[in-house]
Amino acid sequence: MADRDTDILLIGGGIASAMAAATLREEGFDGSILLAGRELDAPYHRPPASKGYLQGRESKDDALVHPPGWWEQQRVDLRTRTSVMALDTAARTAKLSTKEEVAYDRALVATGAMVRRLSVDGAQLDGIHYLRALGNADAIRADTEGAERVVCVGGSYIGSEVAASLTELGRRVTVLMQEAHPLERHFGGRAGAYFRSVLEDHGIEVIGSDEVARFEGDGAAEERVARVVTTGGRVLPADAVICGVGAQPDVMLARKSGLTLGELGGVLCDARLRTSAEGVFAAGDMCEYDSVVHGRVMRIEHEEVAAAQGATAARNMLGAAAPHTAVPYFFSDLSDWASLEYAGPAVSWDEEVVRGAIDEGSFAIWYLERGRVRAMLSVNGAGDVDRANELIASGEAVGAAGLPA
């Protein structure tokens, strides 16, 4: 017999669960809600970890999804530092790390993702960091204090944002990446070349089309990293290294619980975010869902997507039976040097239509496939994100002539 009952169990302490809890109450749900997350803190926004919080401009309270006291006011039982160790989807019970067994009626699995770690010689050396949580940002800020040279491995969001933030803190930074330009994998070569110029104009060394071969230590004991050696033969001095080389969905609990996994590595869901188990939904980085917007199965790692999916899952827990139709939205900032918004994402495209002037730093790129808008990148406020959402959702073939000036 279970130690306690809850109407809805939210598994995972990130924004997907936090938004699910808020949406449940906003929709008038008056039943019991329990949120169990292994994180040390209440759910918080993760983007500040590589930007404002890392720079010391934002506090931990600033990053919270809901203000202190919200959980008690909304009668949500928030359990931090608490993992769900086992989920019996047939009996509808969950075993917590506190040894309690909880019976639930409906559940949301939102366990997020884990950083992907490099597997090369020297990867165990001190001074090599990965960024996922605010605590990681604390460690990076402290460990790079007074550093002469920091190497950021990876040219995606984390690598580029951390490079900008550490430069603002006075560090000398090198970005090393497999692709030719930062953010190129997301936005293509033209946008990537622009973001590269932004970083280089602020003193960041950018090395593309190369990768880590090994890390080397600082002496006979080789306890701390001192150099990054690349496959191209470069030797980069490094007092500290921050790796932003992607993430992998955390599906350990889902696999153990017998939930069906998808080809993209996540928990397979239908368009309503329902998993293979009755009464169990999924949202966030590990949610692999049938996207009615894209006409294919998608798994997307970004905060805004996780928040929107948490809200959709909550409504469907209450019987809405509605597909997840939100067009995925992304945002990023390279300090205050450049900001971007992106609606999409474009899995593939055959045409890029530029509105504005890339060399002036205010432009939009529309990504088309057979005349249909698949995505739009807005840089420094250019472009019409709302119109992009409409065109992406409709699938209407408009061609370049049908795009906003």
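Residue indices begin at 1 and follow the sequence shown.
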Using 30° and 60° as the class boundaries, would you call the ring planes of F187 and Y157 parallel, tilted or perpendicular? perpendicular
What are the two closest heavy atoms between G258 and S276, and how far apart are they? O-OG, 4.2 Å
Rounded to the nearest 0.5 Å, how far does OG of S257 lie from CG of D88? 8.5 Å
Between the side chains of D350 and R370, is the shortest nitrogen-to-carboxylate-oxygen separation below 4.0 Å, so that they form an ion pair? no
How about I207 and T230: do any of their side-chain heavy atoms sit closer than 4.5 Å? no
Between E223 and G217 (side chain of the first, backbone of the second, donor and acceptor by atom type, cut-off under 3.5 Å), is there such a pair? no
For the atom pair CE (M114) and CD (Q248), what is the distance rounded to the nearest 0.5 Å? 4.5 Å
Ion pair present between R75 and D30, side-chain N to carboxylate O less than 4.0 angstrom? yes
So does D285 get a backbone contact from the side chain of R299, meaning a donor-acceptor N/O pair under 3.5 Å? yes
Heavy atoms only: give me the nearest P404-D384 pair and the separation to one decimal. CG-CB, 4.4 Å
Nearest atoms (heavy-atom pairs only) where V120 meets A213: CB-O, 3.6 Å
Give the C-alpha distance, both sets of side-chain angles, the deciding distance and a yes or no for side-chain hydrogen bond (donor to acceptor under 3.5 Å, both in side chains) between S156 and R185. CA-CA 8 Å; S156 190; R185 289 181 178 172; over 6 Å; no
Measure the shortest side-chain to side-chain distance between Y104 and V280 over non-hydrogen atoms and say whether it is less than 4.5 angstrom. yes
Apply the test ring-ring contact (aromatic ring centres under 6.0 Å, His included) to residues Y289 and H324: give CA-CA distance (whole Å), side-chain angles for both, the deciding distance (0.1 Å), then the verdict. CA-CA 9 Å; Y289 72 108; H324 184 65; 5.6 Å; yes
Before you tell me yes or no, could you show the steps for K60 and D41 under side chain to side chain contact (heavy atoms under 4.5 Å, CB included), namely the whole-Å CA-CA distance, both residues' side-chain angles and the distance that decides it to 0.1 Å? CA-CA 9 Å; K60 186 173 289 187; D41 303 294; 3.5 Å; yes
Using a 4.5 Å cut-off on heavy atoms from C-beta on, say whether the side chain of L118 contacts that of V153. yes
Would Y329 and N389 count as having a side-chain donor-acceptor pair, cut-off 3.5 Å? no
Provide the closest heavy-atom pair for V175 versus A163 in the form atom of the first, atom of the second, distance. CG2-CB, 3.6 Å
Polar side chain donor-acceptor pair, S332 to E161, under 3.5 angstrom: yes
For the pair D210 and R234, find out whether any cationic side-chain nitrogen is under 4.0 Å from an anionic carboxylate oxygen. yes
Under 4.0 Å between a Lys/Arg side-chain N and an Asp/Glu carboxylate O for R196 and D201? no
Is E216 paired with R227 through a side-chain N to carboxylate O contact shorter than 4.0 Å? yes
Go through T167 and W337 one step at a time and tell me if the side chain to side chain contact (heavy atoms under 4.5 Å, CB included) criterion holds. CA-CA 11 Å; T167 298; W337 313 335; 3.9 Å; yes
Does R171 pair with E145 as a salt bridge, N-O distance under 4.0 Å? yes
Check the side chains of E360 and S362 for a donor-acceptor pair under 3.5 angstrom, ignoring hydrogens and angles. no
Determine whether the side chains of S97 and S83 contain a donor N or O and an acceptor N or O closer than 3.5 Å. no
Over 12 foreign heavy atoms within 6.0 Å of CD, E148: no
Short question: side chain of D250, backbone of G112 - any donor-acceptor pair under 3.5 Å? no
Tell me if a side-chain donor or acceptor on S17 pairs with a main-chain N or O of G14 at a distance below 3.5 Å. no
Evaluate the side chain to side chain contact (heavy atoms under 4.5 Å, CB included) criterion for residues L334 and F195: first the C-alpha distance (whole Å), next the side-chain angles of each, then the deciding distance (0.1 Å), finally the verdict. CA-CA 9 Å; L334 302 179; F195 291 120; 3.9 Å; yes
Kindly indicate whether the side chain of V173, heavy atoms from C-beta on, has any atom under 4.5 Å from the side chain of V162. no
Is the backbone N or O of G279 less than 3.5 Å from a side-chain atom of R106, with the two atoms forming a donor-acceptor pair by type? no
Please report the interatomic distance CG(L368) to CG(L403), rounded to the nearest 0.5 Å. 5.5 Å
Hey, are the side chains of C269 and R274 touching, using non-hydrogen atoms and a 4.5 Å cut-off? no
Please answer whether the main-chain N or O of P323 pairs with a side-chain N or O of R272 as donor and acceptor at a distance below 3.5 Å. no
Do S32 and I8 touch side chain to side chain, with heavy atoms closer than 4.5 Å? no
Heavy atoms only: give me the nearest V65-A18 pair and the separation to one decimal. CG1-CB, 3.8 Å
Going by atom types alone, do E211 and Q178 pair a side-chain donor with an acceptor below 3.5 Å? yes
Above 12 or not: heavy atoms from other molecules or residues under 6.0 Å from CZ of R141? yes
Does either side chain, that of H129 or that of N136, offer a donor lying less than 3.5 Å from an acceptor on the other one? no
Given side-chain hydrogen bond (donor to acceptor under 3.5 Å, both in side chains), test D138 with Y53 step by step and report yes or no. CA-CA 8 Å; D138 290 331; Y53 184 81; 2.7 Å; yes
Which atom of L253 lies closest to which atom of L87, heavy atoms considered: CD1-N, 4.0 Å
Determine whether a donor-acceptor pair (N or O, by modelled atom type, separation under 3.5 Å) exists between the side chain of E100 and the backbone of L96. no
Would you tell me whether W71 and Q74 have side-chain atoms, one donor and one acceptor, within less than 3.5 Å of each other? no
Side chains of L340 and L183, heavy atoms from C-beta outward: is any pair under 4.5 Å? yes
Salt-bridge present (E303, R46; N to O < 4.0 Å): no
Using 0.5 Å steps for rounding, measure from the CZ atom of R117 to the OG atom of S119. 11.5 Å
Using side-chain hydrogen bond (donor to acceptor under 3.5 Å, both in side chains), reason through S348 and E369 one step at a time and then give a plain yes or no. CA-CA 7 Å; S348 61; E369 186 176 40; 2.7 Å; yes
Heavy-atom distance under 4.5 Å between the side chains of E396 and R372, does that happen here? no
Between the main-chain N or O of A282 and the side-chain N or O of T275, is there a donor-acceptor pair closer than 3.5 Å? no
Does a donor on one side chain sit under 3.5 Å from an acceptor on the other, for S291 and R296? no
At what distance, to the nearest 0.5 angstrom, does CD1 of I300 lie from CZ of F330? 5.0 Å
Give a yes or no answer on whether the side chain of S197 reaches the backbone of Y194 with a donor-acceptor pair at less than 3.5 Å. yes
Lys/Arg-Asp/Glu bridge criterion (N-O < 4.0 Å) met for R81, E39: no
Hey, does the Lys NZ or Arg CZ of R224 hover above the aromatic six-ring of F215, less than 6.0 Å from the centre and inside 45° of the axis? no
Under a 4.0 Å N-O cut-off, is there an ion pair linking D77 with R79? yes
Under 3.5 Å: donor-acceptor pair, side chain of D333, backbone of S335: no
Please work out which of the three classes, parallel, tilted or perpendicular, describes the rings of Y342 and Y367, given edges at 30° and 60°. perpendicular
